[in-house]
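Working notes, structure below.
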2 protein chains.
Amino acid sequence: MAKGTYTYEYPRPSVTTDCVIFGFDTEGLSVLLIERGIEPFKGCWAFPGGFMQMDEDAETCARRELEEETGLKADYVEQFGTFSDVNRDPRGRTVTIAHYALVKKSEVKGADDAAQAKWFPIGNIPPLAFDHDRILRVALKALREKIHFEPVGFELLPSVFTMPQLQDLYESILDVKFDRRNFSNKMLKLGILTEVNDGTIRKGTRNPIKYSFNQDNYNQMKAKGFRLEF
Amino acid sequence: MAKGTYTYEYPRPSVTTDCVIFGFDTEGLSVLLIERGIEPFKGCWAFPGGFMQMDEDAETCARRELEEETGLKADYVEQFGTFSDVNRDPRGRTVTIAHYALVKKSEVKGADDAAQAKWFPIGNIPPLAFDHDRILRVALKALREKIHFEPVGFELLPSVFTMPQLQDLYESILDVKFDRRNFSNKMLKLGILTEVNDGTIRKGTRNPIKYSFNQDNYNQMKAKGFRLEF
DNA sequence: AATGTTTTGTGTAATTTTTACACATGGAAT
DNA sequence: ATTCCATGTGTAAAAATTACACAAAACATT
């Protein structure tokens with residue numbers, strides 16, 4: 001958008017989007033942050049985000065900023081809240097429409113060799129800029145509630161995964177422990193997992209069974225009124 | 001806010017709030033709408049709402065507009081989504097931060113003798129302006145999900161109510177039917193209802209037991225990790 | 001005034017869901 | 001070679017959910 005002058009009869013806040021990017025691997029749940037090189041909050045970390053253009057809606061903006069600032073294209077982006085405290089940005093009145101993105105950390109690269117972007121485990125977050133600590137708390141809460149009713153966990157795992165991986169993911173997000181047998185039974189009974197046969201013959205149990213998420217079946221079941229609950 | 005000229009280097013959308021007002025009585029769940037007297041969407045109905053001022057956050061704005069346009073002061077106002085489609089308002093680019101308000105319809109008056117405000121049962125909504133039909137759908141979904149985990153139903157009932165009233169409320173919001181005994185057992189077991197003794201001696205069962213919501217007890221239980229689930 | 005109808009409160013048995021729990025296998029590490 | 005560890009698997013006990021019927025008084029009808 002070209003710089004110029006735009007005049008209105010009443011003052012308007014700036015509108016931005018921010019994107020909390022969740023990733024998951026053997027280290028657990030983490031978020032991708034960008035180090036601020038300039039004031040305010042120079043040296044603090046922040047979520048990628050920026051001004052909404054006049055020809056894009058909020059989600060489009062969040063996806064664009066995400067890619068511009070980290071190189072990531074996220075499959076899953078969802079709005080979870082809008083933050084409008086009067087003094088949330090010292091530079092001026094700004095309203096931000098906050099999103100979270102779920103990315104398959106295992107299947108993306110770059111991202112953390114991009115500029116100052118870096119993954120931080122959820123239990124070890126550095127000082128954040130603006131009201132981003134609050135935004136992160138709300139994002140986590142939203143993700144936790146979401147995963148009870150929607151199969152969003154699979155957006156964070158490789159497309160082929162094992163039952164222990166899936167359990168680790170749920171345990172990381174919900175911050176609880178499950179019994180292995182009960183977790184497995186419950187998951188399998190949902191009918192949304194497909195056993196992946198990659199040709200290898202399994203002997204013993206040490207090498208785990210591979211699964212993929214059966215999106216088609218989930219969609220069908222959902223259309224028939226099935227409601228995932230975990 | 002005084003009219004004048006406000007100039008920015010980049011174009012900015014307008015930011016508004018809208019408020020879906022839910023009420024409940026023997027007719028079931030309904031929403032309070034305002035008839036538009038001017039184009040666009042003249043004659044259509046809309047949620048109360050308006051431009052966010054520079055010195056107020058979104059919820060403050062929603063409450064202010066609610067009172068200005070309907071005379072209602074709502075106890076419970078909560079943001080549930082922000083709508084930013086590029087063409088959602090033909091007059092220009094506008095982003096709206098949508099809220100729902102829960103009001104004790106039985107304990108307010110006015111409201112529907114205010115100007116063109118009128119309650120409509122949820123099953124009989126007139127044509128709505130802008131994208132307000134979509135906003136209403138999302139609001140209903142948000143309310144339905146909310147009531148599973150938070151005791152928001154009591155915001156819609158008189159402060160003293162009966163078990164059948166409470167059941168009607170849940171049935172209206174969730175659009176399901178419950179068995180009377182099971183519903184009552186479950187509710188009472190939650191430990192958030194206090195039996196109200198209004199002095200009258202009950203003979204027989206035709207005149208129902210009165211209850212009130214025990215907010216203090218709920219807060220205490222919640223602090224101890226109790227999580228309401230219905 | 002008598003009669004029928006509606007609203008409400010209440011408990012238990014059957015079913016379903018959730019929880020707790022232990023061992024055998026073979027790969028990995030020593 | 002030995003030990004250690006990750007994984008897969010089933011069942012019995014406990015808990016939660018569901019289904020279900022009658023009695024009392026208020027209310028409506030005649």
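In what follows, every chain begins at residue 1, and chains take the letters A, B, ... in the order their sequences are listed. Any value given below was found using the heavy atoms of this structure, including those in side chains, with hydrogens, waters and symmetry copies removed. Just so it is clear, the structure is predicted and the values come from calculations on it, not from any experiment.
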- Query: What is the distance, rounded to the nearest whole Å, between atom CD of Gln167(A) and atom C1' of dG8(D)?
  - Reply: 12 Å
- Task: Please find the earliest and latest nucleotides of DNA chain C, in the 5' to 3' direction, that have an atom within less than 4.0 Å of any heavy atom of chain B.
- Result: dT6(C) to dG11(C)
- Any donor-acceptor pair under 3.5 Å between the side chain of Arg206(A) and the base of dA6(D)? no
- Message: What is the separation between atom CG on Asn185(A) and atom C1' on dT9(D), rounded to the nearest whole Å?
- Response: 8 Å
- Could you give the CZ-to-P distance, from Arg181(B) to dA21(D), as a whole number of Å? 8 Å
- Item | Stepwise side-chain contact (heavy atoms from CB on, under 4.5 Å) check, Met187(B) with Met163(B) | CA-CA 9 Å; Met187(B) 269 297 166; Met163(B) 192 60 78; 4.2 Å; yes
- Query: Hey, is the side chain of Arg202(B) pairing donor to acceptor with the base of dA26(D) inside 3.5 Å?
  - Reply: no
- Item | Base dA6(D) paired with Asn207(A) side chain (donor-acceptor, <3.5 Å) | no
- Start with the C-alpha distance between Thr16(B) and Thr96(B), add both sets of side-chain angles, then the distance that settles side-chain hydrogen bond (donor to acceptor under 3.5 Å, both in side chains), and finish with yes or no. CA-CA 5 Å; Thr16(B) 63; Thr96(B) 198; 2.8 Å; yes
- Item | Nearest-angstrom distance from the residue atom CZ of Arg180(B) to P of dA21(D) | 13 Å
- Does the ring centre of Phe230(A) sit less than 6.0 Å away from the ring centre of His148(A)? no
- Message: Whole angstroms only, please: what is the CG-C1' distance between Asn182(A) and dT9(D)?
- Response: 12 Å
